[in-house]
Amino acid sequence: MGTIASNKTRTLLTIEKDLKKELEQIAKEQNRSFNNLVITVLRRYADSSHD
């Protein structure tokens with residue numbers, strides 16, 4: 001694996017295989033990576049939690 005930026009960290013996430021497949025399909029439809037989709041969803045959740 002490559003080096004990641006100093007302001008980022010890797011994390012391990014365990015989810016059901018069916019959920020991962022569904023999220024991968026959503027990401028594909030949106031022309032984005034699975035990782036980008038997950039980050040976007042988590043960022044929106046974090047932002048809305050501050051309201």
Side-chain angles (χ1 to χ4, degrees):
M1 286 187 172
T3 304
I4 60 172
S6 62
N7 66 332
K8 297 186 178 189
T9 186
R10 292 191 194 278
T11 188
L12 180 63
L13 179 67
T14 304
I15 60 175
E16 294 177 357
K17 290 180 180 182
D18 289 343
L19 176 57
K20 184 171 185 233
K21 285 181 184 178
E22 188 175 348
L23 293 172
E24 286 173 329
Q25 183 59 40
I26 292 168
K28 183 178 180 181
E29 290 169 2
Q30 295 181 5
N31 197 31
R32 64 168 81 208
S33 68
F34 171 79
N35 189 65
N36 180 266
L37 175 67
V38 171
I39 290 169
T40 300
V41 169
L42 292 174
R43 171 64 18 218
R44 287 180 184 166
Y45 180 80
D47 290 348
S48 71
S49 293
H50 293 210
D51 295 337

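In this text the structure is predicted, and so the values were computed from the model without any measurement.
Considering only residues two or more places apart in sequence or on other chains, R43 meets the side-chain hydrogen bond (donor to acceptor under 3.5 Å, both in side chains) condition with D47.
For E22, the CD atom sits in a loose shell: 12 or fewer heavy atoms of surrounding residues, nucleotides or ligands are nearer than 6.0 Å. The number of heavy-atom neighbours closer than 6.0 Å to CD of E16, taken from other residues, nucleotides and ligands shown, is 12 or below.
Summarising the geometry, atom CG belonging to L42 is positioned 9.5 Å from atom OG1 belonging to T11; distances are rounded to the nearest 0.5 Å. Remark: K20 NZ to D18 CG distance equals 12.5 Å, nearest 0.5 Å.
Grouping the Ile, Leu, Val, Met, Phe, Trp and Tyr side chains by contacts below 4.5 angstrom, directly or via other members, places L19 with I26. L37 and I15 fall within the same hydrophobic cluster, where Ile, Leu, Val, Met, Phe, Trp and Tyr residues are linked whenever their side-chain heavy atoms come under 4.5 Å apart, directly or through other members. Linking Ile, Leu, Val, Met, Phe, Trp and Tyr residues whenever their side-chain heavy atoms come within less than 4.5 Å leaves F34 and I39 in two separate clusters.
Taking all atoms of both residues into account, the shortest heavy-atom contact from I4 to T9 is CD1-CA, 3.8 Å. Of all non-hydrogen atoms in R32 and T40, the two that sit nearest each other are NH1-OG1, 2.9 Å.
Classification of K28 and E24 as a salt-bridged pair fails, no side-chain N sitting under 4.0 Å from a carboxylate O.
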